[in-house]
Amino acid sequence: MNTYAIDFETYYDKETSITTLGTWHYLRHQSADIYMVAIKGPGVDFVGPPKNAPWDKIDGQRWVAHNYAFDGACVERLHELGVMTARPKEFFCTANLAAYMGAPRNLAGASKQLLGVDMSKDPRSGMKGKTWNEVKDTDQGHAFKLYAAKDAQHCLELYETFGNRMSAVEKFLSKHTVEAGWYGINVNSQLVDKGLNALDWIRIKAIEHMPWKKDGDYTSDVLSISGLAKACREAGIEVPPSTSEDDPGCQIWEDTYGEKFPWVGAMRDWRKANMLLQKMHVLDKRKRPDGSMSYGLKYFGAHTGRWSGDSKFNLQNLPRDPCFGVDIRSCLVPRSGKKFIISDLSQIEPRVLAWLAGNTALLEAVKNGYGIYEAFAISTGMWKGEKGTFKKSKELYALAKAQVLGLGYGCGAKKFVLVSKLMAGLNITEARSRELVDDYRRKNFKVVELWGKLERGLRESKGEDYHVELPSGRAQKYWDVTPQMGKHGRPDWRASLELGGPKYPLYGGRLCENLVQATARDVFAECIQRLENQGLRVLFHVHDEVILEVDKDVKCKDVDHIMSTTPEWLPGCPIGSESKEAECYEK
DNA sequence: TCGTAAGGCGCC
DNA sequence: AAAGGGCGCCTTACGA
């Protein structure tokens with residue numbers, strides 16, 4: 001099989017853009033035009049209009065593109081338009097490959113970091129708002145053709161040089177991520193319409209409480225700090241230090257003045273309603289004729305390998321709870337005749353941490369059916385009792401929960417006061433916090449040793465890259481480790497998380513957190529593959545949660561069985577899941 | 001008129 | 001010595 005790089009060039013302007021419309025609607029927009037394709041590979045070196053391309057020469061071969069999500073969508077569109085009928089045997093995404101390698105996802109950055117070639121400043125930006133007919137016989141047109149050919153060349157080189165670095169499961173996931181996005185999610189339009197109206201009203205009511213707002217203008221200066229400050233001065237009251245819910249200073253301001261001057265609360269209401277409104281708007285605008293909406297998800301969007309959101313509608317941070325009576329998750333529904341099964345891995349990160357640290361006592365307790373906080377309490381000797389009864393010891397339970405969730409990655413006493421409050425509702429003094437932190441570190445010395453081991457590894461990599469091998473065989477990468485003089489004359493250890501990217505201070509706790517997140521991601525990644533291999537459609541996924549769109553006869557226990565499989569590279573680590581059926585996406 | 005930084009906030 | 005981390009996107013502010 002031969003490999004051919006293909007790169008489409010399309011018309012775009014401010015209105016006609018992927019960010020505004022989403023890829024599907026963009027390619028079907030009135031002014032859309034796929035006017036050029038560059039193809040490079042054995043015996044083919046073509047740049048020109050898609051209708052003239054030598055498709056017959058590359059039919060049934062391997063195609064690679066730098067952004068399968070886009071170029072693959074162009075292929076689909078050209079099929080619809082009857083411009084081409086050729087199809088690849090397989091389609092490989094070099095943007096996903098670049099991300100997997102730890103390089104920038106964009107082609108210029110990837111080529112620079114991985115191939116060492118500097119690309120000239122993006123001639124594509126010069127094409128904004130220009131049709132191909134306008135420029136095709138000009139210098140700009142000729143230059144643009146060369147540029148497109150170069151893009152295809154670099155794409156091909158990326159594949160040829162690094163394509164074999166991805167394991168089978170990673171190749172599968174790269175493809176699956178893109179294609180699941182195209183398949184998309186069915187949308188309940190009636191709920192969306194209702195939500196849009198409700199939220200619009202909330203925004204209007206909120207603005208009525210903002211004296212700095214002029215009548216009739218509902219969109220600008222709503223969150224203006226200077227507007228708020230001016231109003232406060234005119235009312236002869238203090239200006240709040242911030243408008244954040246989490247800022248104690250702001251809370252005091254609200255307690256003092258909030259009732260008489262409900263301004264900060266109104267800003268917060270507006271912000272929350274607006275956030276939801278914008279998302280609902282995307283749901284509305286991106287709906288396809290069949291009632292579904294495609295979505296974007298970035299394979300390897302985070303340096304730990306986790307997926308990240310994309311293109312205005314981020315599936316990974318939809319509010320869990322209804323806000324102003326509007327529940328955005330419930331707008332995502334199964335296609336007719338199907339149902340959702342939502343399944344998530346149970347406490348995957350604490351379990352993985354225990355495995356990595358070699359805390360077999362905790363893992364054994366979990367295997368024997370104890371809950372993770374219970375197991376932690378037993379393994380550290382803070383509690384002993386009947387299975388499943390630990391929750392009754394409310395204070396101890398909250399304590400164990402806070403320690404498990406908050407102290408595995410080096411959190412100190414000061415921070416733990418806040419973290420324990422947030423995670424377990426604890427209310428402790430700093431002195432008590434100090435005790436708890438010390439207690440955790442003493443009893444979980446293996447975790448502390450892991451921090452130390454990772455930090456030593458980092459320091460020993462001075463002047464080089466630091467690759468932490470993951471149990472799966474993949475590696476967590478830190479580029480170009482450099483000590484930098486910090487305060488008090490002690491060095492701050494820094495490295496890039498992305499090849500050629502900015503450097504961040506690193507330390508044992510943080511390296512440990514990355515290692516755990518990356519390992520948990522690998523466990524989850526194999527779940528996705530197993531589910532699909534069993535014919536269960538993974539509609540989308542959120543870090544440790546899959547949303548399956550399946551036939552009505554599929555049972556939760558079958559899903560749990562597939563999810564709860566310990567990878568062969570993580571022997572002895574209990575993997576569990578919780579699944580439920582649903583008629584819409586829900587927490 | 002643009003791009004970017006910062007504050008704020010949503011999720012795991 | 002001590003340090004939770006990983007994202008994306010809304011708005012406003014600000015500078016080129």
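Regarding A/L315, its CG atom lies at a distance of 11 Å from the P atom of C/dC9, rounded to whole Å. Counting to the nearest Å, the P atom of C/dG4 and the CG atom of A/L515 are 19 Å from each other. Nucleotide C/dG4 holds its P atom 9 Å from the CZ atom of A/R441, rounded to whole Å. Rounded to an integer number of Å, the gap from OH of A/Y409 to P of C/dG5 is 12 Å. Rounded to a whole Å, the CG atom of A/L470 is 15 Å from the P atom of C/dG6. Distance NZ (A/K421) to C1' (C/dG4): 19 Å, rounded to an integer number of Å. Atom CE in A/M267 sits about 18 Å away from atom P in C/dC10, given to the nearest Å. One interatomic measurement links the two molecules: NZ of A/K477 to P of C/dG6, which rounds to 17 Å at whole-angstrom precision.
If you check every strand for non-hydrogen atoms under 4.0 Å, A/G412 touches sugar and phosphate atoms only. Residue A/D344 is classed as having no contact, given no heavy-atom separation below 4.0 Å to the nucleic acid. Note on A/G309: only backbone sugar-phosphate atoms sit closer than 4.0 angstrom, heavy atoms only; bases stay farther off. Within 4.0 Å of A/E455, counting heavy atoms only, lies at least one base atom of the nucleic acid.
Residue A/R510 has no polar side-chain atom (N or O) positioned under 4.0 Å from OP1 or OP2 of C/dA2. Close to C/dG8, at under 4.0 Å from its OP1 or OP2, lies a side-chain N or O of A/K298. The shortest distance between the side-chain N/O atoms of A/Y507 and the OP1/OP2 oxygens of C/dG5 is below 4.0 Å. OP1 or OP2 of C/dT11 has not a single side-chain nitrogen or oxygen of A/S224 nearer than 4.0 Å.
Under 4.0 Å is where a charged nitrogen must lie from a carboxylate oxygen, and between A/D480 and A/K503 at least one such pair does. Under the 4.0 Å criterion applied to side-chain N and carboxylate O atoms, A/K205 and A/E208 are assigned as salt-bridge partners. A salt bridge between A/E245 and A/R271 is absent, with no side-chain N of the basic residue lying under 4.0 Å from a carboxylate O of the acidic one. The pair A/R306-A/E349 meets the salt-bridge criterion, with a side-chain N (NZ, NE, NH1 or NH2) lying under 4.0 Å from an Asp/Glu carboxylate O. Electrostatic pairing of A/D439 and A/R442 counts as a salt bridge here, judged by a charged N lying under 4.0 Å from a carboxylate O.
For A/K415, there are no salt bridge (Lys or Arg N to Asp or Glu O under 4.0 Å) partners two or more places apart in sequence or in a different chain. Listed by chain and number, the residues in a salt bridge (Lys or Arg N to Asp or Glu O under 4.0 Å) with A/E234 are A/K230 (sequence neighbours excluded). Listed by chain and number, the residues in a salt bridge (Lys or Arg N to Asp or Glu O under 4.0 Å) with A/D465 amount to none (sequence neighbours excluded).
Side-chain atoms of A/Q251 and A/D255 form no donor-acceptor pair, as typed in the model, at a separation below 3.5 Å.
Within the structure, the side-chain hydrogen bond (donor to acceptor under 3.5 Å, both in side chains) test picks out the following pairs touching residues 445-460 of chain A (sequence neighbours left out): A/E455-A/R459.
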### Message
Does the protein touch nucleotides 2-12 of chain B at the base, only the backbone, or not at all? Give it as B, S and - per nucleotide, heavy atoms under 4.0 Å.
### Response
S----BSSBBB

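For A/N274, the listed nucleotide lying nearest its side chain is C/dC10; candidates were C/dG4, C/dG6, C/dC10.
For DNA chain C, the stems formed by at least three consecutive Watson-Crick or G-U pairs, with both atom-pair distances below 3.5 Å, span B:1-12 with C:5-16.
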